[in-house]
Structure formats: C-alpha cells, structure tokens
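The structure under discussion appears below in the form of structure tokens.
The chains referred to below are lettered A, B, ... by the order of the sequence lines, with proteins before strands, and numbering in each begins at 1. Keep in mind the model is a prediction, meaning the values are calculated, not measured.
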Amino acid sequence: MADPSHLLAERVRAGLGAAFGAELADADPAIRPSQFADYQVNAALALAKRLGRPPREVAAALLAQLQLDDVCASVEVSGPGFLNLTLRDEWLGGQVEGLLADDRLGVAREERQVIPIDYSAPNVAKEMHVGHLRTTVVGDALARTLEHLGHDVIRQNHIGDWGTPFGMLIEHLLEVGEGSKEAGLLRSDPNAFYQAARAKFDGSADFATRSRARVVALQAGDPDTRRLWRELIALSTAYFNSIYEQLDVTLTDDDLAGESTYNDELAGICDDLERRGIAVVDEGALCVFLEGYTGREGKPVPLIIRKSDGGYGYGTTDLATIRHRVRELHADRILYVIGAPQHLHLQMVYATARKAGWLPDTVEPVHVQIGNVLGSDGKILKTRSGAPIRLRALLDEAVERATAVVDQARSDLDGDTRAQIAHQVGIGAVKYADLSVAHDSEYVFDFDRMLALQGNTGPYLQYAAARVRSIFRKAGAEPASATGPVVIRHEAEHTLALRLLGFGRVVAQVGDALEPHRLCTYLFELAQSFMAFYEHCPVLGAEDPVVRASRLALSAATLRVLVQGLDLLGVQAPDQM
RNA sequence: GCCCUCGUAGCUCAGGGGAUAGAGCAACCGCCUCCUAAGCGGUAGGUCGCAGGUUCGAAUCCUGCCGGGGGCACCA
C-alpha cells in the first residue's frame with residue numbers, strides 16, 4: 001500500500017493506545033492532508049473532551065508516545081492541538097522506488113464484484129447530443145476504473161430501439177428506399193432523417209395512418225417490417241459506433257442491450273405483478289403504487305407498467321432489465337449512469353423490483369446522476385429549442401481547434417503526426433471537460449471553455465506527460481529503465497513524490513464513490529507538481545549522476561501515473577505535443 | 001402543493017466537521033543563451049444565499065426561509 005496515510009494511521013492508533021489506554025487505540029486518528037505540513041493528525045482535538053484534558057496537552061501526550069522516527073522528519077504540536085507531520089525524504093524516496101516496482105502503481109485489487117453499468121443509451125434514428133456525451137464519457141470512465149480495480153464490469157448500452165416512433169421511421173425508410181442517400185443520413189445526420197419522417201407524419205394523414213399500422217405490424221412480428229426495423233438499427237449503430245470510435249469509448253456491439261431485448265418478458269412481468277396484487281388497474285393503466293410516492297395535490301404517483309392502450313412503457317422494460325441483471329448477470333452493484341431528472345422514476349423502479357423480489361437486499365442499484373447541460377441562459381439545453389448542437393459537429397470542431405494550435409506550435413512535425421496529436425488533444429479536451437466537474441452538477445455549456453487548451457484541462461495533463469516523454473527521448477532512455485534509487489533533496493521533489501503516492505487511494509475512492517472528477521483533480525495536482533519540479537529541478541542537466549538517476553525515476557513514475565490515470569478516464573496521452 | 005437538487009472570488013468549478021476557504025479562466029507584474037513558454041513564479045480578488053440550532057470547532061451536519069434548476073399517470 002503506497003499511500004502513506006495508511007501507515008500513519010496505524011502508528012497514530014498505536015500511539016493513542018500507548019498514551020491513553022487500549023480503549024482509545026481504535027479511535028479515529030483523523031489523518032488529513034495539510035497545508036502546513038505533509039499530513040496533520042486531528043485526533044487530539046476530538047479526544048480532548050473525552051479525556052477531559054486540553055487539546056494541546058493531549059496532542060503533546062500523543063506525540064510523546066508516537067513512534068514515527070523512521071517515517072517522519074518532524075512531528076510537532078501546532079495551533080489548538082494539531083500534530084503536523086513531515087515525511088522523511090529518504091522514506092519518501094523508498095516509497096517511490098516501491099511504486100516503480102509495482103505494476104499497479106499502488107492501486108489495490110478489490111474483492112471482485114459483478115457490476116453492470118447502464119450508460120450512453122442513445123436513441124435509434126436520433127442524433128446523440130451533449131447529454132449523451134456526458135453519460136457516455138462518465139460511464140466509460142467508471143467502467144474502465146472499476147475494471148482496473150478488479151471488478152467484472154458488464155457494459156449495458158440500453159439503446160432506444162423500440163416504441164411508437166418506429167412506425168413512422170420504418171415507413172419513411174420504405175419510401176426513401178433502403179440504400180438511398182436519404183437512408184444514409186441515419187449514419188451521418190440522424191436528426192435529418194428523423195425530422196423528415198416527422199414532417200411527413202405531421203403533414204400527411206395518410207402517412208400517419210400507415211405509420212400507426214406499421215407499429216402494429218412491428219409488434220406482431222411481421223417479417224418484412226422486422227427486417228426494415230433491423231436495418232434502421234444497423235444504420236444507427238453504425239452511427240453510434242463511429243461516434244464511439246471518434247470518442248475512444250470502449251462500447252461495442254457486444255454491449256448493446258436495447259429496450260427491445262426485453263419485449264418477450266413484458267407481458268409476463270405485468271401478469272405476475274397483477275396476480276400478486278403488486279400492480280392494479282387504474283384509469284385503464286396497470287400501475288404500481290408505492291408508499292411515499294405522492295405527486296401533485298397529494299395524489300399517489302404510479303409506476304405505469306402497461307398503458308391503457310395495452311402498450312408498455314420504459315417502466316416495464318426497466319423492471320425487466322433490473323431482473324435480468326440480477327438473475328442472469330448475477331450483479332452485485334448495478335450502475336445507472338443516467339440523467340438526474342430520471343431520479344424519481346428510477347427510485348420507483350428499484351422499489352417495485354424490491355417488492356417483487358427481483359432485487360434482493362444484497363444487490364445495490366446506484367443512480368449515477370448526470371446533471372443537465374444548460375445553455376448560457378441557464379435553462380436546460382434541449383435539441384428542440386434553439387440551435388441544436390450536433391455531437392458530431394462538436395467533436396469535429398474540438399479537433400479543428402486543436403489542429404490549429406498544433407499546426408502553429410509544432411510546424412516541425414509532419415502532417416500525419418500533427419493530425420494524430422490534434423485528435424487526441426481535441427477529444428481529450430472535450431472528455432476531460434465532462435469528467436472534471438462532479439457528474440451530478442449541472443453545468444453551463446460553453447464551447448470556448450470546453451475547447452480551451454489551457455488551465456485545468458485535458459491538454460494540460462497531456463502536456464505534462466509529453467514533457468516527461470520528451471526528457472526520455474532526449475536522454476535516449478526508456479522510462480522503464482529509470483528505477484532509481486530515488487533521493488529527494490529539493491522541495492519540488494518532495495511534493496511530487498508525496499503526490500505520486502496518493503494515486504491508489506484516489507482510484508479506490510473513484511470506484512467507491514463513483515466520482516471520476518476526483519481522479520481529475522488528483523491528476524491535475526500531480527501535473528502541477530510535476531511542472532514545478534520540471535522548472536526547478538533539471539533532470540538531464542543535473543551534474544550529480546545520482547541526482548540525475550533519481551530525477552529520471554521520479555519522471556518515469558509521474559509518466560506512468562499520468563498515463564494510467566488518463567487511461568482510466570478514457571483520455572489518451574500523446575507522445576509529444 | 002409535494003419531492004429532488006443546487007446556491008462558495010467577476011466567470012467556471014473544487015472542498016461535505018478542523019488552522020488564515022482553494023484551483024482554473026479573466027486582470028495585473030515578472031521569467032525562454034537552460035530537458036517543449038500549451039509552461040513557471042508572484043499580486044489582486046470571497047460576510048461560502050439568509051437566519052437560527054448542534055459542536056471545543058460549521059462552507060461542511062440539522063431546521064426554517066429566500067433564490068435558480070428539475071421531477072410529480074400512460075414519450076422514453
């Protein structure tokens with residue numbers, strides 16, 4: 001375990017026991033990062049009252065019993081009763097050497113859980129928008145991170161591939177002809193296809209009638225209709241995949257688990273719930289009423305599982321989905337990386353599934369709420385209102401802007417190399433922008449800020465990694481060959497080393513709290529620490545070969561943590577920038 | 001009306017019981033004969049929405065209020 005706070009906590013507990021008796025040995029040592037030292041121990045303040053002694057006296061008594069000489073260069077009582085700990089440079093150096101010898105860089109393997117993750121979930125024949133971008137990017141980062149922690153992640157792309165709009169879409173596809181240029185829009189500009197179908201539906205009573213009939217045929221399993229439906233899906237998934245590829249997202253066709261997957265189970269679910277009295281017919285619809293869910297005027301809010309026209313909504317498919325994930329996939333945790341507005345609905349689905357016995361207490365469903373993306377007016381950014389932003393256009397523009405910068409900054413490189421870098425930087429910038437803010441907070445969408453290439457951004461982290469690589473390129477050495485020994489003499493080295501040791505803890509936190517932005521914050525601070533080190537501590541120019549070897553090792557460790565961390569986020573690190 | 005969520009520097013956001021509340025952007029001042037200046041160092045900028053409460057200690061926990069956003073029966 002590379003993270004120093006584990007060891008410090010152990011030592012402080014032992015000290016507490018020695019100073020105040022065994023019954024306090026299990027007290028919270030309250031080790032925290034400190035702005036006045038490497039760490040601070042806050043235990044004395046919390047224990048002062050319990051012991052009936054002044055906090056500073058408690059701190060002094062604890063200090064007298066602490067055995068930290070091998071780890072800390074100084075331990076002192078400070079302020080009202082804090083203990084400030086500063087780690088020994090030699091100890092830190094040894095820990096970094098340990099990190100370099102560890103191919104997991106201090107990330108512990110956790111007890112294996114099966115974790116289906118529901119994310120991305122775009123709709124067939126529709127453009128992916130900024131909302132999809134966020135669930136896709138956040139979900140993918142969680143999938144990568146949990147996998148790295150040793151879990152069995154099952155990606156579930158719950159695409160919208162069923163429902164009444166398909167009558168209209170199929171009729172439109174039939175009219176424009178399969179293989180036509182119009183049909184090809186499904187791959188490149190799905191909204192154009194959808195809107196054309198919609199326009200016909202709204203403008204022609206005859207078309208609308210045929211569309212409705214087509215829905216019936218689709219549900220009845222009419223072979224021709226089914227074939228056309230599959231064609232729609234094939235074209236749409238080609239579009240999704242092209243976006244995923246551009247975004248460097250790990251989703252593939254193997255992860256498709258669309259709504260239609262559960263069609264055959266829906267009637268059975270309804271019958272079962274109705275027979276057991278969990279669902280009742282109300283105003284013609286089959287509903288589940290749950291205690292504690294009331295809406296307007298105190299009226300109970302139902303989870304509708306069968307509409308009054310006999311059709312099924314997403315409540316029913318969501319129940320089928322959760323049952324499948326428990327029964328067939330043997331899930332331990334189920335992640336729903338879905339928009340925050342759906343929180344109530346999901347709570348009701350979970351509660352219904354629990355009531356039906358499909359979701360045992362041992363299985364934890366978690367809604368990873370994705371905050372709405374707002375326009376500059378502070379209102380929700382919808383594709384309908386205002387100028388819709390096509391995801392494809394957004395990604396292309398990100399790469400274009402990066403291209404302009406790379407072309408200008410690195411005219412020495414050939415065109416292909418520059419294009420490759422621009423792609424990694426542009427896409428990385430967009431993904432990092434989505435990942436670096438808390439997933440449940442709403443944020444104001446701003447092209448310029450998202451695509452900015454300075455500050456707390458993906459490109460800043462990529463640049464830090466590129467600078468390390470540049471050092472090794474210049475040295476003609478491989479990072480893997482830089483193994484130390486690590487001797488720390490400069491403050492910037494000390495700070496960098498300390499930072500490096502925190503990686504495993506942060507990754508574990510991300511897996512636990514499901515908050516990738518914590519990893520972003522960590523990596524940004526690591527990159528900042530490296531930048532300061534880079535400015536103040538010449539690596540190749542170091543005269544003392546021992547110092548040079550040590551700094552190379554610190555650089556190598558930084559590179560590995562940065563690249564690994566960025567990889568967990570789904571962001572690539574270019575070789576040079 | 002009920003429920004969820006947010007309110008922290010001019011802007012975008014971290015921080016979710018501990019010291020003088022942080023970062024980026026924007027502003028201002030410095031730094032390329034030296035491993036990539038997409039960088040580094042510094043200055044300035046905040047009654048943490050308001051009011052109570054709990055606590056030795058509250059931006060953080062509790063209650064109320066104000067303000068923004070969202071949700072609340074057949075679109076998913």
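Side-chain atoms of A/Leu83 and A/Glu76, non-hydrogen and from C-beta on, never get closer than 4.5 Å to each other. Put simply, the side chain of A/Leu394 reaches to within 4.5 Å of the side chain of A/Val130, judged on heavy atoms.
Nucleic acid contact class of A/Ala48 (heavy atoms, under 4.0 Å, all strands): none. Residue A/Leu344 is classed as a sugar-phosphate contact, given heavy-atom separations below 4.0 Å to backbone atoms only. Nucleic acid contact class of A/Gly313 (heavy atoms, under 4.0 Å, all strands): sugar-phosphate only. Heavy atoms of A/Cys520 sit nowhere under 4.0 angstrom from any nucleic acid atom. Residue-level contact check: A/Pro538 touches the bases, meaning some heavy atom is under 4.0 Å from a base atom. Counting non-hydrogen atoms under 4.0 angstrom, A/Gln462 reaches nothing in the nucleic acid. Residue-level contact check: A/Ala438 touches the backbone only, with heavy atoms under 4.0 Å from sugar-phosphate atoms and none from bases. Using a 4.0 Å heavy-atom distance criterion, A/Asp282 is classed as a base contact. Here A/Glu525 lies out of heavy-atom contact (under 4.0 Å) with every strand. Counting non-hydrogen atoms under 4.0 angstrom, A/Gly295 reaches a base of the nucleic acid. Residue contacts shown for A/Phe36 include a base, since a base heavy atom lies under 4.0 Å away. A/Arg410 comes within 4.0 angstrom of a nucleotide base, judged by non-hydrogen atoms across all strands. Within the 4.0 angstrom heavy-atom criterion, no nucleotide atom of any strand lies near A/Thr164. Counting non-hydrogen atoms under 4.0 angstrom, A/Met531 reaches the backbone sugars and phosphates but no base.
Mapped onto RNA chain B by nearest heavy atom, A/Leu83 and A/Phe524 fall at different nucleotides, with A/Leu83 at the one closer to the 5' end. Place A/Gln369 and A/Val539 on RNA chain B by their nearest nucleotides, and A/Gln369 ends up nearer the 5' end.
Here B/rG39 is the nucleotide among B/rG39, B/rG18, B/rU36 with the atom lying nearest to any side-chain atom of A/Gln454. Among the nucleotides B/rG41, B/rA38, B/rG18, the one closest to the side chain of A/Arg32 is B/rG18. Closest to the side chain of A/His517, from the set B/rG39, B/rA14, B/rA19, is B/rA14. Closest to the side chain of A/Arg473, from the set B/rU36, B/rA76, B/rA73, is B/rU36. Nearest nucleotide to the side chain of A/Val405, out of B/rA73, B/rA38, B/rC13: B/rA38. Of the listed nucleotides (B/rA76, B/rG71, B/rG24), B/rA76 has the atom at the smallest distance from the side chain of A/Glu259.
Contact detail for A/Ala61 and A/Arg53: the closest heavy-atom pair is CB-NH2, 3.8 Å.
B/rA73 is unpaired under the Watson-Crick or G-U wobble criterion, no partner having all donor-acceptor distances under 3.5 Å. The nucleotide B/rG24 finds its pairing partner in B/rC11, both defining distances of the Watson-Crick or G-U wobble pair being shorter than 3.5 Å. For B/rU47, there is no paired base (Watson-Crick or G-U wobble, both distances below 3.5 Å). In this structure B/rG39 sits in a base pair with B/rC31, meeting the Watson-Crick or G-U test at under 3.5 Å. Base pairing of B/rG52: its partner is B/rC62, meeting the Watson-Crick or G-U wobble criterion (both donor-acceptor distances under 3.5 Å). In this structure, B/rG17 forms no base pair with any nucleotide, since neither Watson-Crick nor G-U wobble geometry is met with both distances under 3.5 Å. Under the Watson-Crick or G-U wobble criterion, with both distances below 3.5 Å, B/rG57 is left unpaired in every strand shown.
The gap from the P atom of B/rG15 to that of B/rA76 amounts to 36 Å, rounded to the nearest Å. To the nearest whole angstrom, the two C1' atoms, one in B/rG67 and one in B/rG30, are 43 Å apart. Separating the P atom of B/rA58 from that of B/rA19 is a span of 11 Å, rounded to the nearest Å.
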| said: Please evaluate residues A/His345 and A/Tyr314 with respect to the criterion ring-ring contact (aromatic ring centres under 6.0 Å, His included), reporting the C-alpha separation (whole Å), side-chain torsions for both, the decisive distance (0.1 Å), and the verdict. | reply: CA-CA 10 Å; A/His345 172 256; A/Tyr314 75 145; 3.8 Å; yes
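Side-chain atoms of A/Gln40 and base atoms of B/rA19 include a donor and an acceptor less than 3.5 Å apart. The base of B/rA38 does not come close enough to the side chain of A/Tyr463 for any donor and acceptor atom to sit less than 3.5 Å apart.
At distances below 3.5 Å, not a single donor-acceptor pair connects side-chain atoms of A/Asp318 with backbone N or O atoms of A/Val349. No donor-acceptor pair under 3.5 Å is formed between the side chain of A/Ser550 and the backbone N or O of A/Val486.
Taking the six-membered ring for Trp and thresholds of 30 and 60 degrees, A/His367 and A/His343 have nearly parallel ring planes, at less than 30 degrees apart.
Side-chain contact of A/Tyr432 with A/Asn456: a donor-acceptor pair under 3.5 Å is present, judged by distance alone.
Taking a centre distance below 5.5 Å and an interplanar angle below 30 degrees as the stacking criterion, A/Phe82 stacks against the six-membered base ring of B/rA19.
A syn base is found at B/rC32: its glycosidic angle is within 90° of 0.
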